[in-house]
Amino acid sequence: MFRKFIFLLSESVKALSRAKIPALISSITIAITLFIFSIAYYSLTNMIGYSHDFKRKYRIDVFFSPEVEMKQGMELFNTILLIDGIEQGDFVDREDAAVEFQRLFNYDVVEIIGENPLPFGGKYEIDKSYRKAREMGKIVNEIRLIPGVDLALFSTGLIMRIDKIIGNIVGIGFIIGIGIFIISVILVSNTIRLIIHAKQDDIHTLRLLGATDLFIKFPFVMEGILQGVIGAGLSILAITLLKSILYYILGEFQFVILEPVMLVSGNIVAGCLLGIYASYRSISKYLL
Amino acid sequence: MFRKFIFLLSESVKALSRAKIPALISSITIAITLFIFSIAYYSLTNMIGYSHDFKRKYRIDVFFSPEVEMKQGMELFNTILLIDGIEQGDFVDREDAAVEFQRLFNYDVVEIIGENPLPFGGKYEIDKSYRKAREMGKIVNEIRLIPGVDLALFSTGLIMRIDKIIGNIVGIGFIIGIGIFIISVILVSNTIRLIIHAKQDDIHTLRLLGATDLFIKFPFVMEGILQGVIGAGLSILAITLLKSILYYILGEFQFVILEPVMLVSGNIVAGCLLGIYASYRSISKYLL
Amino acid sequence: MIRFENVTACYTKDTGIFNLSFTILKSDMVFLMGPTGAGKSTVLRAIIGDIPINSGKIFIDDQEIPRSNSRKISYFRRKVGTIFQDFKLIKNKTVYENIALPLRITGTPGKIIREKVYEVLKQVDLTGKEKSMPLQLSGGEQQRVSIARALVSEPLVILADEPTGNLDPIVSDDIIDILEKAAQNGTTVLMSTHNYPLIRPRQKRFIELNKGYLIQ
Amino acid sequence: MIRFENVTACYTKDTGIFNLSFTILKSDMVFLMGPTGAGKSTVLRAIIGDIPINSGKIFIDDQEIPRSNSRKISYFRRKVGTIFQDFKLIKNKTVYENIALPLRITGTPGKIIREKVYEVLKQVDLTGKEKSMPLQLSGGEQQRVSIARALVSEPLVILADEPTGNLDPIVSDDIIDILEKAAQNGTTVLMSTHNYPLIRPRQKRFIELNKGYLIQ
Ligand SMILES: Nc1ncnc2c1ncn2[C@@H]1O[C@H](COP(=O)(O)OP(=O)(O)OP(=O)(O)O)[C@@H](O)[C@H]1O
Ligand SMILES: Nc1ncnc2c1ncn2[C@@H]1O[C@H](COP(=O)(O)OP(=O)(O)OP(=O)(O)O)[C@@H](O)[C@H]1O
Ligand SMILES: [Mg+2]
Ligand SMILES: [Mg+2]
């Protein structure tokens, strides 16, 4: 049994080095698949990075009643901090509020209105798990009921829009992910099926000589694995290259760093699995 | 010559119906390519639709000095309308401004401050070709110099961010487009190369019987075209299916409608071109 | 031992073999004669289960040949050495590996494979060609590789389908000598041929076919 | 007319053909004899440019056979009808289409193709098999398809490489009759064989090869 295994293993290596074109083509297909996968993965990572940027906007602004003075304001501020879903907060005094107003709307309230009309208040950051329009709405309503609080608000429109976009991206990303997986398996197993198709005379001969299914299938599965490894190598090369090109073109933007260990090990494991699965799939569809 | 053409044509059709598996595989590859292309195309269209949504934010708000009254305000408003880059505008009187303020920031100025502190003013939409942070900056500066104008502002931060995002999307989209094209050609011509590889004995026989290059190549190119058409059909089917699924899952969002004529004709033309190019490429690499 | 009992295996209504019954004893060498298209290859293909049998039974050593179960057929085929009319060599394997194949399939140790392969290479006079690929051989050399592959596993039954079509009379005679010696050593040999002059001097029994029917 | 002038075409230092010179006149039928591996197929493959020539020249009708230019070689090959030792049939084309191929290549009208194909089908006794695929034929039938394909375009030269290896003596004789008749009609025929008994009664000239060298 072991002897047969050694023979079949060496056969697979030989097959790959002899039948160069089909093997190479299969490897290229796997490489392309892994390449797309990796790109998708790192794009998603980058996108999530982006969306974290947006999430800074998940903030509730609270304005206390005009008659609330400094000391009472601090107390109110701390009360609100204890509400579920509030992660942290900054106390805003009148001057802070004016500065903030200018930063946000690009002009000076005091200049327009003649005096500083802004009351004391607070800015609160929301806990990650509460960063949804509905959850935030609840928190805001709770804050509004506290005596001394005049107004609590968050920019509903913007947050709803971001919610929608992120929902869309995740939804579309999910669909694309499934799509890529299906496409990859189809492509690789099609290539292997074509290779089997070209070898069908040889397979018939082997059968007539008394070869079992395992004997016939094994080299194809092994070839699948080897092609997976080669494909992984090619895709790692391509991604490294693409990364440098992107750095060159879009140098000004920040990218999530590609961790080499993750990239290499992930690609090789994924390549092998893809090779095995695709070859096994095509074999069972085609050989039996 | 014509007779030979007819023969070769019918040969190609026969080849497709006889050598079912390789032909089908090639068609599937083309279908996948077209599918990806179409998805990319319609995603981009939808994305542009989205960004139009954002573009509504490309608006300049102008506040006149507090002493400017209704009549003078109207004159000022019309002066600004004539500036290059201003597409259209709405006059904003004190009450409008308060309503607008409430819509934007979710609370009532009058309620906070006790009186309506807002001056007359105008909202201006910017011409498409001027919708860039820098251009808008220029317009704003021009408006500021007009006597009677107290403030002119637009939300710099948001617009710069949108600019960046759209720039990124277009850049990445461009790279992805090139990538998909290269990948498609590689995949399809690889498949055809595998088919040629499987037929190389037959090709050698044809050569020994005195067949010219054209005679040998023609069926492959024709097969490429036919596979292109079949692939287009498959991809049209898949897209129609996907569309219904997306409608089912993400029904709440609005999609740009797929125009059936565009989809069908575009896919078929693209499929044929892809088939021709890929087969011709693989033939010239492999047969000579 | 090979026994046919009313075997019919047909491709169409009037091509194939019809209602054949005969017995070949162990250690016997029998020639299957008949003009081109008579059904000689069909008889041999039916024995190794390459084509289905419509009716009747085929026995090898009193065991009916297996049909449906693919594993059983594989093990059965290992007992038979077949020389195919169209050689059926694996194009991208060397002569050595082609001949070694039946031993690889049974998991024979490499050292024994080496010995046996070189022995049959000598028998069919191909020593020195073991590293060639099949397409680098002449027609007769390819045929001898196919013969060597059938001999290497010392099978219980040898089915030789026109094994001398591409060989000159002297080499053909050598090959038939080899097959005859195998029969003397206990192998059942069934060889199809239409080369009557070649086998006449051998004084062996022969079965004659015409249009799929046995000629008594 | 076929003329070899000191032709050497070798695969390795000592396999191939070496320094061959001979002339075959138009309307002549000549047998190429020699044991297996002598170089018979190599001679024929050299004529149609399937293998390169190391030195020397080959002439057909006083024109040297073209080498580099692929278009010229194609047009030259159309004048030659070759029966290959391994048949070289296209597996996924019917018998009819396989035989019609040389005429398709020259762009012959379909009606004429039909006539000619049915005529040669009758000559090689395969009428009724025109819709079969090559793998549905017996060995001898496949060989006759290959013969029919070489005859159908009425070539100037016929190269027949062991064309009767899979045929019984009666059919073999018929085939050689057909080739002889073609020679009488002006075709130059060169047929390789090692079946000496078959050609002895014909009283034709033969060229004998051994290990790549001409035997005078
Ligand atoms: N796969 C097939 N499908 C249909 N008909 C077939 C098939 N194989 C063989 N035949 C037909 O069956 C008949 C017998 O074929 P077989 O190969 O047994 O002949 P044979 O005696 O071996 O002839 P030869 O000496 O030419 O090899 C022939 O007429 C052939 O055309
Ligand atoms: N492509 C090749 N590469 C290397 N050696 C070859 C090749 N083709 C043939 N040979 C060798 O050249 C020699 C002559 O081969 P050739 O095919 O001409 O013999 P032949 O006379 O036709 O024999 P047969 O009667 O067996 O067909 C043989 O020893 C063969 O092994
Ligand atoms: Mg036969
Ligand atoms: Mg030969």
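Owing to the predicted nature of the structure, the values given are computational and were not obtained by experimental measurement. Residue numbering restarts at 1 for every chain, and letters A, B, ... go by the order of the sequence lines.
Residue C/Arg205 places its CZ atom among more than 12 non-hydrogen atoms of other residues, nucleotides or ligands, all under 6.0 Å distant. For NZ of D/Lys211, the number of neighbouring non-hydrogen atoms (other residues, nucleotides, ligands) closer than 6.0 Å is 12 at most. C/Arg202 CZ: more than 12 foreign heavy atoms inside a 6.0 Å radius.
Between chain D and the residues C/Ala38, C/Gly165, C/Ser138, C/Gly140, the most heavy-atom pairs under 4.5 angstrom are made by C/Gly165. Put simply, of C/Val171, C/Ile170, C/Leu167, the one with the most heavy-atom pairs under 4.5 Å next to chain D is C/Leu167.
No part of D/Asn195 comes within reach of chain C, as not one of its non-hydrogen atoms sits under 4.5 angstrom from that chain. Both the backbone and the side chain of D/Glu141 come within contact range of chain C, with heavy atoms under 4.5 Å apart. The part of D/Thr15 that comes within reach of chain C is its side chain, from C-beta onward, which places non-hydrogen atoms under 4.5 angstrom from that chain.
Side-chain contact check for C/Arg144 versus D/Thr36: some heavy-atom pair is nearer than 4.5 Å.
Counted by atom type alone, D/Gln85 and C/Asn166 present one or more donor-acceptor pairs between their side chains at under 3.5 Å.
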